[in-house]
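Contents: one structure, followed by commentary.
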Protein chains: 2
Amino acid sequence: MKVSLLEGSRWQTCADCAVRGFAVCAALDKTELWELASLSRHIQHEQGATVFAQATVATSFFSVLEGVLRLYKLLPDGRRQIIGFALPGDFLGLAGSPQYEFSADAIGAVTLCQFSRAGLARFGEDRPRFLRRINELAGRELTRANEHMVLLGRRSAEEKVASFLIGWRDRLAGIGHVGEVLPLPMGRLDIADYLGLTIETVSRTFTKLERDGVIRILTGGISLLDTARAEALSAA
Amino acid sequence: MKVSLLEGSRWQTCADCAVRGFAVCAALDKTELWELASLSRHIQHEQGATVFAQATVATSFFSVLEGVLRLYKLLPDGRRQIIGFALPGDFLGLAGSPQYEFSADAIGAVTLCQFSRAGLARFGEDRPRFLRRINELAGRELTRANEHMVLLGRRSAEEKVASFLIGWRDRLAGIGHVGEVLPLPMGRLDIADYLGLTIETVSRTFTKLERDGVIRILTGGISLLDTARAEALSAA
DNA sequence: CCGGAGCGTTGATGCAGATCAATCGCCACG
DNA sequence: CGTGGCGATTGATCTGCATCAACGCTCCGG
């Protein structure tokens with residue numbers, strides 16, 4: 001059973017952008033939106049493409065329109081930690097440092113709204129509403145990061161996987177996803193590197209959750225059979 | 001050998017506040033500083049006191065003047081993850097959610113600058129410079145969080161301890177600390193909960209680093225003997 | 001000067017998850 | 001309709017860190 005994720009929405013103008021309600025621009029009025037649109041460029045990347053790489057000069061900010069990205073940091077010896085997945089509406093570049101803090105690549109095809117760093121900085125300079133919006137997004141990101149630290153430092157493999165599934169479900173719900181099936185566009189290796197585990201442990205844990213009747217494993221996703229049990233594991 | 005940390009500085013007015021250069025208020029001019037001062041209250045907490053607790057209503061923001069705090073999240077069963085240590089100049093409340101996202105307690109005595117949430121929000125509402133300052137601090141925090149995730153998810157015990165020591169040294173240096181000796185006001189348990197380890201593993205790792213000639217263990221701190229080796233472990 | 005509480009260290013043992021090694025299943029392609 | 005490749009699963013074994021258990025040091029109060 002194949003599962004698709006947020007395909008088919010097409011962008012026309014900022015005003016009827018698919019992510020208008022979620023993205024940075026949610027705080028702007030019509031005039032501002034026009035001005036912002038003039039600063040933005042609309043780009044696409046195919047499956048697996050790297051949008052930007054850790055430690056290269058950060059020339060752009062991005063807002064995700066369609067698709068999913070993995071955001072990750074690499075250690076010199078190749079160990080990888082995925083620090084998050086970016087979904088439609090997410091803004092990339094909050095750290096605001098002159099170099100990118102992490103790398104981002106496309107999981108499946110993605111469409112992005114690209115802004116020049118300087119341009120957006122100038123645009124925001126004297127727009128408190130916009131700055132407050134950025135703040136709000138940064139705060140949310142920080143909250144997610146804090147929770148992720150607890151997960152990485154203090155949870156068992158089973159709790160990690162359950163938390164991931166519940167968190168992913170909630171994020172998809174937040175951008176309007178509905179349905180029995182929870183699509184997982186990222187591979188097992190991505191999940192492992194997100195949870196600080198190995199691919200084998202992730203696979204075994206999925207299997208265990210299925211054996212215990214908590215989930216059902218499908219190609220490209222899962223279905224949550226025992227939500228209560230999963231949520232308990234995720235909170236515990 | 002006992003080590004003291006940032007004792008003795010006394011606050012008089014905002015203009016000659018000990019953390020004037022580092023804190024939120026660094027972005028403000030004299031007039032604004034006066035207005036901000038009228039919103040702030042100056043509070044102290046003794047050793048071990050809890051300044052605010054996770055999941056209680058967030059009525060205040062804080063800026064640290066003196067001392068060190070541990071910021072942590074607890075799981076229902078008591079497992080603890082320390083998400084960071086707050087030093088003079090650090091601002092608490094960036095997440096901006098209506099409840100505190102984590103708890104904070106004093107390690108040793110602390111002095112804080114307290115602001116009412118509503119008051120500070122109103123103050124900032126239409127001051128882009130201030131908002132940009134908040135953004136800058138949030139970005140820095142986010143960067144720290146991302147690095148901490150890599151540490152928690154992908155580093156060995158020895159690398160964790162070395163990274164912690166190097167990071168701590170750099171943070172203290174950033175607020176003007178100098179000297180051979182690196183004070184560690186937090187106990188082994190705090191370090192363990194910061195690094196996602198147990199107290200025993202932390203203790204053993206300290207001992208190993210001392211045996212290997214990388215550090216010397218003192219009461220209340222350490223001395224870095226082989227900086228290069230420690231930095232290598234920390235980066236690797 | 002003595003006693004004990006609290007933190008830190010050290011030792012012995014256990015186990016969750018890593019590592020090493022096939023095998024499987026699903027497509028894409030010839 | 002075979003075949004090769006890649007991701008996922010499963011199995012066997014190993015190991016880094018956790019856990020369980022003393023013991024030591026240091027400082028403080030009597």
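Here is how names work: the chains are called A, B, and so on, in the same order as the sequence lines, proteins then strands, and each is numbered from 1.
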Ring centres under 6.0 angstrom apart (A:Tyr100, A:Phe52):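 Here the rings of A:Phe52 and A:Tyr100 have centres that are less than 6.0 Å from each other.
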Taking the six-membered ring where the residue is Trp, are the ring centres of B:Phe91 and B:Phe61 under 6.0 Å apart?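 Yes, the ring centres sit under 6.0 Å apart.
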On a plain distance test, is the side chain of B:Glu158 in donor-acceptor contact with the base of D:dC17 below 3.5 Å? no
Let's test your reading of the model: under 3.5 Å, does the base of C:dG8 pair with the side chain of B:Arg204 as donor and acceptor?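 Check fails, no donor-acceptor contact within cut-off.
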With nearest nucleotide decided by heavy atoms, which residue, A:Arg154 or A:Phe206, maps closer to the 5′ end of DNA chain D? A:Phe206
Taking the six-membered ring of B:Phe85, is NZ or CZ of B:Arg70 closer than 6.0 Å to its centre and within 45° of its axis? no
A:Arg41 charged N/C atom sitting above A:Phe115 aromatic ring, 6.0 Å / 45°: no
If you check the [X] side chain, which of [options] turns out closest?
X        : options                : result
A:Thr198 : C:dT19, C:dG8, D:dA8   : C:dT19
B:Glu200 : C:dT10, D:dG11, D:dA18 : C:dT10
B:Thr207 : C:dT9, C:dT19, D:dC17  : C:dT9

May I ask you to evaluate whether A:Thr201 reaches the phosphate of C:dG17, defined as a side-chain N or O under 4.0 Å from OP1 or OP2? no
Could you state the atom-to-atom distance from [atom1] of [X] to [atom2] of [N] in whole Å?
X        : N      : atom1 : atom2 : result
A:Lys160 : C:dG17 : NZ    : C1'   : 9 Å
B:Ile199 : C:dG11 : CD1   : C1'   : 16 Å
A:Asp193 : C:dA18 : CG    : C1'   : 14 Å
B:Leu197 : C:dA16 : CG    : C1'   : 15 Å
B:Gln47  : D:dC28 : CD    : P     : 12 Å
A:Ile191 : D:dA8  : CD1   : C1'   : 11 Å
B:Arg188 : D:dG24 : CZ    : P     : 19 Å
B:Ile222 : C:dG8  : CD1   : P     : 14 Å

Within the distance-only criterion (no hydrogens, no angle test), does the side chain of [X] pair as donor or acceptor with the backbone N or O of [Y] below 3.5 angstrom?
X        : Y        : value
A:Glu147 : A:Arg144 : no
B:Ser103 : B:Gln54  : yes
A:Asp90  : A:Leu92  : no

Ordered by number, residues from residues 78-86 of chain B within less than 4.0 Å of DNA chain D (heavy atoms) are none
